[in-house]
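Okay, structure first, notes after.
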Amino acid sequence: MTTAMPLCRSALQVVLALVVVLAAAARGSACARGELRDQAPPGSRPHSVTITEFGAVGDGRTLNTVPFQNAVFYVRSFADKGGAQLYVPRGRWVTGSFNLTSHLTLYLEQGAVIVGVKDSSQWPIVEPLPSYGQGTDLPGPEHRSLISGYNLTDVVITGNNGVIDGQGLVWWQWLRSHELNHSRPHILEFLYSEDIVISNLTFLNSPAWSIHPVYCRSTMTIETSLDAPLTDGIVPDSCSNLCIEDSTISVSHEAISLKSGWDKYGISFGRPTSDIRISRVDLLSSSGAALAFGSQMSGGISDIHVNHLRIHDSYKGISFKTSPGRGGYIEEVVISEVQMENVHVGIEFTGNCSTHPDDSFDLSDLPTIDQVTMKNMVGTNISVAGVLSGIDSAPFTAICLSNLNFSMAADSGSSSWSCSNVSGYSEAVFPEPCTELRDPSSSSSMCFSLASYSAIATA
């Protein structure tokens with residue numbers, strides 16, 4: 001029995017069932033250009049096979065790992081012929097982990113449920129990500145995700161409101177009772193892949209994270225609604241050119257969490273998360289942050305454009321997390337047009353998220369947080385407007401707030417803001433922010449401009 005590592009999170013934990021609903025995905029940089037709704041429906045292929053042709057039985061009891069593996073192996077033969085569709089009809093299709101292939105559409109009919117088997121031996125053990133050095137729960141390897149892909153292109157996962165259920169309850173129980181031998185798996189994970197479309201599905205009860213694109217490009221993931229202990233919703237990890245739009249995400253830990261590797265492993269791997277567009281999303285995070293950056297950000301996070309968020313009934317609204325030993329950077333971030341309701345801490349910056357993968361971290365590897373702009377935000381029933389705590393030897397700089405108006409909760413007390421080791425600029429902010437953000441010598445010229453993004457958003 002191995003003891004799970006602590007996570008950097010708020011003390012409050014709420015145990016709920018996790019549900020993710022995904023719809024309306026796009027490819028390329030269409031979301032940045034406003035072309036999402038002009039896309040043709042994904043998934044058209046010249047060839048099609050049904051999972052039952054490979055001996056699968058959708059009775060909720062029969063194990064169908066081998067039929068899924070054989071079906072994917074068979075459709076590889078159509079890769080140079082326009083690809084193929086693997087059709088999953090109505091039924092409960094129990095399976096262990098299986099990999100996808102390029103030029104594939106996985107289509108779940110209405111009433112079709114792919115169910116992750118509760119037997120952990122059906123979730124193979126794989127090496128941890130090179131940018132993390134170990135699993136997210138425990139040292140050493142981790143369980144492979146229920147559905148995964150490596151170095152793929154042109155993959156569509158869609159359906160007529162079908163369901164993928166990870167049956168995470170047993171994994172959550174193992175985590176709490178310290179019975180895990182390896183870190184928990186995710187439902188869906190792609191590595192080194194591009195042109196992935198996920199649409200019109202429900203993701204239910206993920207053991208860990210629901211959707212985890214890693215080292216990917218051109219991956220679009222949209223409409224959602226989630227909940228469960230120590231799970232995140234959508235986690236872009238060392239990815240670029242990614243769009244999340246028109247989503248509803250409800251989780252216990254973090255709804256959208258941007259990451260890029262952990263300590264020396266992420267620094268060495270050196271692959272940032274960049275060019276991310278998030279728009280028109282509804283977020284709830286009962287014990288964590290609705291929108292989080294880090295704390296695993298050692299490969300760097302930059303060029304992030306977020307607008308039209310609704311954040312409600314959450315412990316934290318927007319959180320930037322790092323620590324000495326992380327290295328890396330978070331910079332050139334614009335967040336605008338935000339509505340918050342019933343949020344304990346509206347804005348958080350912390351340089352003290354001090355979990356590490358092992359003892360070999362170097363405290364001289366200091367992270368940088370610079371040029372983060374938050375504009376046009378309205379909040380009601382906010383307990384604490386902001387807690388901004390940088391690092392003594394590496395203060396966070398150019399933190400810019402413009403046109404923020406938070407209506408404070410009745411029990412919020414006299415101190416709405418708390419700041420240390422940060423500097424920046426503010427204008428038209430209520431309640432009045434701390435002096436570190438009101439330096440008379442500072443000006444808006446230090447801030448990462450919204451102008452380029454506004455031009456895109458209104459095009």
Side-chain angles (χ1 to χ4, degrees), residues 22-36 38-46 72 75-76 78-86 98-107 126 129-132 144-158 164 186-201 203 209-224 233-245 247 256-261 266 269-279 299-305 456:
L22 297 151
R27 295 171 63 181
S29 58
C31 122
R33 300 192 304 268
E35 298 175 1
L36 182 63
D38 298 331
Q39 296 265 334
S44 177
R45 302 287 185 186
V72 172
V75 300
R76 287 180 186 170
F78 298 101
D80 60 350
K81 304 176 182 67
Q85 174 178 276
L86 174 56
F98 64 94
N99 291 324
L100 300 180
T101 189
S102 293
H103 311 294
L104 168 69
T105 296
L106 177 63
Y107 187 96
V126 296
L129 296 172
S131 56
Y132 279 69
R144 192 169 69 195
S145 298
L146 180 62
I147 302 173
S148 58
Y150 183 90
N151 197 26
L152 302 185
T153 186
D154 181 25
V155 176
V156 177
I157 304 175
T158 188
I164 303 177
H186 314 303
I187 286 183
L188 180 61
E189 185 173 55
F190 286 95
L191 281 75
Y192 300 102
S193 299
E194 62 181 7
D195 297 329
I196 312 296
V197 177
I198 307 167
S199 66
N200 301 325
L201 294 173
F203 285 61
W209 302 340
S210 293
I211 302 158
H212 188 212
V214 195
Y215 321 140
C216 291
R217 299 187 302 116
S218 303
T219 304
M220 313 306 162
T221 316
I222 321 300
E223 196 175 44
T224 353
I234 302 174
V235 186
D237 199 337
S238 294
C239 291
S240 62
N241 189 18
L242 187 148
C243 165
I244 302 171
E245 276 192 344
S247 307
I256 298 175
S257 182
L258 280 66
K259 301 179 182 293
S260 66
F269 197 76
R271 186 154 181 167
T273 285
S274 63
D275 188 15
I276 308 296
R277 302 295 187 268
I278 302 171
S279 184
I301 299 173
S302 68
D303 190 16
I304 312 299
H305 298 267
I456 292 171

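Heavy atoms only: backbone and side chains are in, while hydrogens, waters and symmetry mates are out.
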Please report the interatomic distance [atom1]([X]) to [atom2]([Y]), rounded to the nearest 0.5 Å.
| X | Y | atom1 | atom2 | answer |
| --- | --- | --- | --- | --- |
| S145 | I187 | OG | CD1 | 9.0 Å |
| L106 | I164 | CG | CD1 | 6.0 Å |
| R76 | H103 | CZ | NE2 | 12.5 Å |
| L152 | L100 | CG | CG | 6.5 Å |
| L242 | T273 | CG | OG1 | 8.5 Å |
| K81 | R45 | NZ | CZ | 14.0 Å |

Residues in side chain to side chain donor-acceptor pair (under 3.5 Å) contact with Y107, at least two apart in sequence or another chain:
none
Polar side chain donor-acceptor pair, S148 to N99, under 3.5 angstrom
yes
What pair of heavy atoms forms the shortest contact from [X] to [Y], and how long is it?
| X | Y | value |
| --- | --- | --- |
| S257 | P236 | O-CD, 3.3 Å |
| F203 | S210 | CD2-O, 4.4 Å |
| P46 | G82 | CD-O, 3.4 Å |

Answer whether the closest heavy-atom distance between the side chains of [X] and [Y] falls below 4.5 Å.
| X | Y | result |
| --- | --- | --- |
| T105 | T158 | yes |
| R277 | D275 | yes |
| L104 | L86 | yes |
| D237 | Y132 | yes |
| I276 | D303 | no |
| I244 | I256 | yes |
| F190 | I211 | no |
| T153 | V155 | no |

Suppose we screen for side chain to side chain contact (heavy atoms under 4.5 Å, CB included). Which residues come up paired with S238, at least two apart in sequence or across chains?
Y215, S260, R271
Run the side chain to side chain contact (heavy atoms under 4.5 Å, CB included) test against S302 and tell me which residues pass, sequence neighbours left out.
S274, Y329, E331
Give the intermediate values and the outcome of side-chain contact (heavy atoms from CB on, under 4.5 Å) for residues L129 and H212.
CA-CA 12 Å; L129 296 172; H212 188 212; 3.8 Å; yes
Describe, in one word, how the ring planes of H186 and W209 are oriented to each other, choosing from parallel (under 30°), tilted (30 to 60°) and perpendicular (over 60°).
parallel
